[in-house]
Structures are given as structure tokens and as C-alpha cells.
Amino acid sequence: MKALHWCGVFAGPLFVAAFLIQGAVKPGGYDPLRHPVSSLALGPYGWVQAAVFLTCGLLTAAFAVGLSRLSGVRRKIGAVLVGLWGIGLIGAGLFVTDPLSGYPAGTPDLLVDHTTAGILHDLFSVLAFFTLAAATFVLAAGSGPGWATYSVLSGLAFLGFFFASGVGFQQDPSLVDTAGLWQRLSLLTGWTWLTVLAWRVRASVASD
């Protein structure tokens, strides 16, 4: 079971490092401040981000299995929600997003006719974001006021940044040029919380 918990520890840092590095070197006019992480799967070397989605989704799903084996209804519900976050990532890797905000170059800022793959990507992504947010609230209680406060604040920040990015990706003039930044802040917040959770679970099991 310890190996499953380590999967949760490694998933977040891997995902964050991957989008930071790719965002810095992605050719073809990709702007990490403006464009979503999912758009890294488009254009040159797009397979790298698809592989990152799949790998981190599988690692997260494995951690969810480990979390589900712990006692307590709250943890088991949280494990389901964390597992759905992992499934959402896997779906996002299997189905490539549509172009957005002018990337790749020559595509419109906002597509009118979406592809089936793009629609499925968005559905899996929404599933992932909302289930992880729910997990921060479900798993807030039961481990002391410090953890509860951190979890609730993480959930609120995660959702706040997510909604700001969504408004920007809809081409709102006030947020469109920073939509990618808001999404990255959301992902960083959510992944940090999940990594800390996995580390705490691993430590508690190791001490038993």
C-alpha cells in the first residue's frame, strides 16, 4: 500500500514540472500566460503532454486506491473523488483539446464547431477540476484545524483560479491574456494540496 501512496506524492510534481518546462520551450507561438496547459498537446511534440496527462492520471488513480483502503467513510468518499480526478486526467490525455486563443498559429481564438475529441476533453477536464475541488472539502475534516483550514482555502483558491481562467478562455478582454496564468495557479494549488495529502497519508501509515 505504501507504493500506492508514493504514487500520489510523485504525480503532482511531475505534472507541474512538465507544464512549466514545456511552456518555456514550446515552439509555434505558445504563450503560457495566455494558452491552456491542454494546448501543449497540440502542435510540435504534443504527444509529450498527452503522455503526462495519462501518466499522472494513472499515478493519481493508484493513490486513490491506496486511500480507499484506509478506514473511515470520509476517506473512502475522498478516495472516490481523487480517483475521478485521475480518470479526468486520463480522459484529457486520450482526447486532444481543440485549438484555443489563437494556438496553434492560424486558428481562431474561439472555435464555433468543436470536434468530438475536443468536447470529450473538456468534459473530462471539468470532471477532474470539480471532483478535486470537492475532495479538498470532503477531506478537510478529521485531521486538525490546521489541515482543515489549509484544505478549505486550497479548495476555494483552486476553484477561484479555475473560474478566472475559464472566463479568460472565453475571450473576456480583461482576462484573455492571463487565462493561462490563472489556470496554472489553479493547477499548482490543487496539485500541491494533493501532494501534501499523499505525503501525510504515507507518513501516517508508516508510523502505524
Using ring pair (Phe, Tyr, Trp, His ring centres under 6.0 Å) as the criterion, list what pairs up with W199, not counting sequence neighbours.
W6
Heavy-atom donor-acceptor pair, D98 side chain to L111 backbone, under 3.5 Å:
no
Heavy-atom nearest pair, V82 first then A135, reads CG2-CB, 4.1 Å
Contacts table for residues 9-17: side-chain donor-acceptor under 3.5 angstrom, sequence neighbours left out:
none

Quick one: do F130 and L84 satisfy side-chain contact (heavy atoms from CB on, under 4.5 Å)? Show the steps, please.
CA-CA 9 Å; F130 280 105; L84 289 172; over 6 Å; no
Over all heavy atoms of both residues, which pair between F137 and A133 is shortest? Give the atoms and the distance, please.
CD1-O, 3.2 Å
Any donor-acceptor pair under 3.5 Å linking the side chain of Q183 with the backbone of V37?
yes
Between V52 and Q22, the two heavy atoms sitting closest are CG2-NE2, 4.4 Å
For F158 and T136: C-alpha separation, side-chain torsions, deciding distance, then whether side-chain contact (heavy atoms from CB on, under 4.5 Å) applies.
CA-CA 9 Å; F158 179 74; T136 64; 5.9 Å; no
Does any N or O in the side chain of K26 come within less than 3.5 Å of the main-chain N or O of F19, such that one atom is a donor and the other an acceptor?
no
For D109, enumerate each residue passing the side chain to side chain donor-acceptor pair (under 3.5 Å) test, keeping only those at least two apart in sequence or located in another chain.
none
Are L132 and V152 joined in one hydrophobic group, where the rule is that I, L, V, M, F, W and Y side chains link up if heavy atoms are under 4.5 Å apart?
yes
For W193, side chain to side chain donor-acceptor pair (under 3.5 Å) partners two or more places apart
S151
With a 3.5 Å cut-off and sequence neighbours excluded, list the donor-acceptor pairs that the side chains of residues 54-65 form with protein atoms.
residue	atom	partner	partner atom	Å
T55	OG1	A51	O	2.8
T60	OG1	C56	O	2.7

Residue set satisfying side chain to side chain donor-acceptor pair (under 3.5 Å) with T189, at least two apart, ordered chain then number -> none
Set of residues satisfying ring pair (Phe, Tyr, Trp, His ring centres under 6.0 Å) with respect to Y45, sequence neighbours excluded:
none
Straight-line distance of L188 CG to L20 CG, nearest 0.5 Å:
8.0 Å
Can you list the other members of the hydrophobic cluster that holds L175, where links are side-chain heavy atoms under 4.5 angstrom apart?
L33, F161, V167, L181, W182, L185
Donor-acceptor pairs are to be reported for all side-chain atoms of residues 89-97 against protein atoms at under 3.5 Å, with residues two or more places apart or in another chain.
none

Just how far is it from atom CG of L4 to atom OG of S68, taken to the nearest 0.5 Å?
8.5 Å
Who pairs with I21 by side-chain contact (heavy atoms from CB on, under 4.5 Å), at least two apart in sequence or on another chain?
none
Please round to the nearest 0.5 Å and tell me the distance separating atom CG of L197 and atom CG of L67.
6.0 Å
Co-members of the apolar cluster containing F169 [side chain, <4.5 Å]:
L100, L110
Same cluster or not: V73 versus L81, using hydrophobic residues (I, L, V, M, F, W, Y) connected whenever any side-chain heavy atoms lie under 4.5 Å apart?
yes
Tell me whether V176 shares a hydrophobic cluster with F163, the cluster being built from Ile, Leu, Val, Met, Phe, Trp, Tyr side chains joined at under 4.5 Å.
no
If only atom types and distance count, is the side chain of K76 paired as donor or acceptor with the main-chain N or O of L70 below 3.5 Å?
yes
S154 side, atom OG; W191 side, atom CH2 - distance, nearest 0.5 Å
14.5 Å
Looking only at heavy atoms, the pair that brings P44 and Y103 closest together is CD-OH, 4.2 Å
Residues passing the side chain to side chain donor-acceptor pair (under 3.5 Å) test with Q171, sequence neighbours excluded, are S101
Membership question, hydrophobic clusters at under 4.5 Å side-chain separation (ILVMFWY): are L156 and Y150 in the same one?
yes
Has R184 got a side-chain atom pairing as donor or acceptor with G180's backbone, closer than 3.5 angstrom?
yes
Are I87 and F129 grouped together when hydrophobic residues (ILVMFWY) are joined by side-chain heavy atoms under 4.5 angstrom apart?
no
Polar side-chain atom of R74 near backbone of A141 as donor-acceptor pair, under 3.5 Å:
yes
side-chain contact (heavy atoms from CB on, under 4.5 Å), that's the test. Do H121 and S38 meet it? Break it down for me.
CA-CA 9 Å; H121 177 92; S38 294; 2.7 Å; yes
